[in-house]
Amino acid sequence: MNATLRLYFNYVPIGIISALIIKQIVIPMDGQLAISFPVLIGCLSTAVTIKVLNMFLPSVMIGAILGWAARYCMS
């Protein structure tokens, strides 16, 4: 496979995952775009935790718990 094409395909999964995450964070509400703060808190806490711990599963669990807690504390 061509090196340029291989480089392109290396970025496809990152682009798809980024688009899915942005779609969850920015939500349409009353004809305008709004930010879902619980999802944003969950994503940011997961990113920080994975950077510190270098372990995927505990980071996702911490992010999910903090996002869940933010959702119920903001209600």
Side-chain angles (χ1 to χ4, degrees):
M1 189 182 310
N2 187 351
T4 306
L5 192 59
R6 194 173 327 137
L7 180 65
Y8 170 76
F9 283 123
N10 283 338
Y11 288 109
V12 169
I14 295 169
I16 291 172
I17 291 172
S18 299
L20 290 172
I21 290 172
I22 295 297
K23 186 177 179 198
Q24 291 297 314
I25 293 173
V26 180
I27 54 173
M29 184 179 284
D30 298 328
Q32 297 180 351
L33 294 177
I35 295 175
S36 174
F37 286 107
V39 175
L40 182 63
I41 290 169
C43 290
L44 290 177
S45 62
T46 301
V48 168
T49 307
I50 205 164
K51 193 71 171 169
V52 171
L53 295 180
N54 287 330
M55 292 188 291
F56 180 75
L57 187 58
S59 301
V60 171
M61 290 173 59
I62 290 171
I65 290 168
L66 289 176
W68 175 78
R71 175 167 292 171
Y72 288 103
C73 288
M74 291 180 145
S75 297

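Scope of the values below: all heavy atoms of this structure, side chains included, with no hydrogens, waters or symmetry mates.
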Return the set of residues passing side chain to side chain contact (heavy atoms under 4.5 Å, CB included) with Met55 (not counting sequence neighbours), or none when no residue passes. Leu53, Pro58

Quick check on the hydrophobic clustering: are Ile35 and Leu33 connected, directly or via other members, by side-chain heavy-atom contacts under 4.5 Å? yes

Sole candidate of Leu66, Val60, Ile65 that passes side chain to side chain contact (heavy atoms under 4.5 Å, CB included) when paired with Ile62: Leu66

Please give me the minimum heavy-atom distance between Met29 and Ala34, naming the atom from each residue. CB-CB, 4.2 Å

Distance-only donor-acceptor hits, side chain of residues 4-23, under 3.5 Å, sequence neighbours excluded:
{"from": "Arg6", "atom 1": "NH2", "to": "Met1", "atom 2": "O", "distance (Å)": "2.9"}
{"from": "Asn10", "atom 1": "ND2", "to": "Arg6", "atom 2": "O", "distance (Å)": "3.4"}
{"from": "Ser18", "atom 1": "OG", "to": "Ile14", "atom 2": "O", "distance (Å)": "2.8"}

If you look only at distance, which donor and acceptor atoms sit under 3.5 Å apart when one is on a side chain in residues 38-47 and the other is two or more places apart or in another chain?
{"from": "Ser45", "atom 1": "OG", "to": "Ile41", "atom 2": "O", "distance (Å)": "2.9"}
{"from": "Ser45", "atom 1": "OG", "to": "Gly42", "atom 2": "O", "distance (Å)": "3.0"}
{"from": "Thr46", "atom 1": "OG1", "to": "Gly42", "atom 2": "O", "distance (Å)": "2.7"}

Are Val52 and Phe56 grouped together when hydrophobic residues (ILVMFWY) are joined by side-chain heavy atoms under 4.5 angstrom apart? no

